[in-house]
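Here the structure comes first, spelled out in structure tokens, and everything after it is commentary.
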Amino acid sequence: MAYGFEDMQRVQKEQLDTAMKSFGAYNKGLQAIAVEIADFSKKSFEESAATVEKLFAARTVDKAVEIQSAFARQSYEGMVAEMTKLGELYVDLAKEAVKPYEGVLPKVATKL
């Protein structure tokens, strides 16, 4: 099947539009991930600072160990929750970045 110049221009424009939609979704997803990481970092820093203050106020070694243990447990649980959330954001990013190409593949298959 022979294509004319106009057909080639149309196909190239469609491909460019699809790529731009994909890049836009990718950019939006990366921004959401960056915001999430920044928020978690800020929260983590604030919790660490509060724990240091509690440690300085501790009167006994047992109390300091208790504070440190609670902080370690809270930090671990927070990190696991954050990694789960980031994993979901990355999956959403991949889905959204590929979505513009979903309509293109059937068109290509029919042309072959």
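Using a cut-off of 4.0 Å between Lys/Arg side-chain N and Asp/Glu carboxylate O, E96 and K28 are scored as not salt-bridged. Residues E66 and K63 are paired through a salt bridge, judged by an N-O separation under 4.0 Å between the basic side chain and the carboxylate.
Under a hydrophobic-cluster definition in which Ile, Leu, Val, Met, Phe, Trp and Tyr are linked whenever side-chain heavy atoms come within less than 4.5 Å, directly or via other members, M83 and L93 are assigned to the same cluster. By the criterion of side-chain heavy atoms lying less than 4.5 angstrom apart, applied directly or through intervening Ile, Leu, Val, Met, Phe, Trp or Tyr residues, F23 is not grouped with I33; the two fall into different hydrophobic clusters. No chain of hydrophobic side-chain contacts below 4.5 Å, direct or via other Ile, Leu, Val, Met, Phe, Trp or Tyr residues, connects V35 to L86.
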task = Apply salt bridge (Lys or Arg N to Asp or Glu O under 4.0 Å) to the pair D17 and K13, showing each step before the final yes or no.
result = CA-CA 6 Å; D17 290 343; K13 183 183 181 319; 2.9 Å; yes
query = Would K99 and K21 count as a side chain to side chain contact (heavy atoms under 4.5 Å, CB included) if you check the C-alpha gap in whole Å, the side-chain angles of each, and the deciding distance to 0.1 Å?
reply = CA-CA 9 Å; K99 199 176 277 186; K21 287 177 188 175; over 6 Å; no
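Rounding to the nearest 0.5 Å places OG of S48 at 9.0 Å from CD of Q74. Residue L89 holds its CG atom at 10.5 Å from CG of L30, rounded to the nearest 0.5 Å.
For S22 (side chain) and T18 (main-chain N/O), no donor-acceptor pair under 3.5 Å exists by modelled atom type. Between the side chain of S75 and the backbone N or O of F71 there is at least one donor-acceptor pair closer than 3.5 Å.
For G78 against F40, the heavy-atom pair with the smallest separation is O-CE1, 3.7 Å. Of all heavy-atom pairs between A58 and I67, the closest is CB-CD1, 4.1 Å.
Residues R10 and E6 are not in side-chain contact: their nearest non-hydrogen atoms beyond the backbone lie 4.5 Å or more apart.
Applying the 6.0 Å contact sphere to CE of M20 captures no more than 12 heavy atoms from other residues, nucleotides or ligands.
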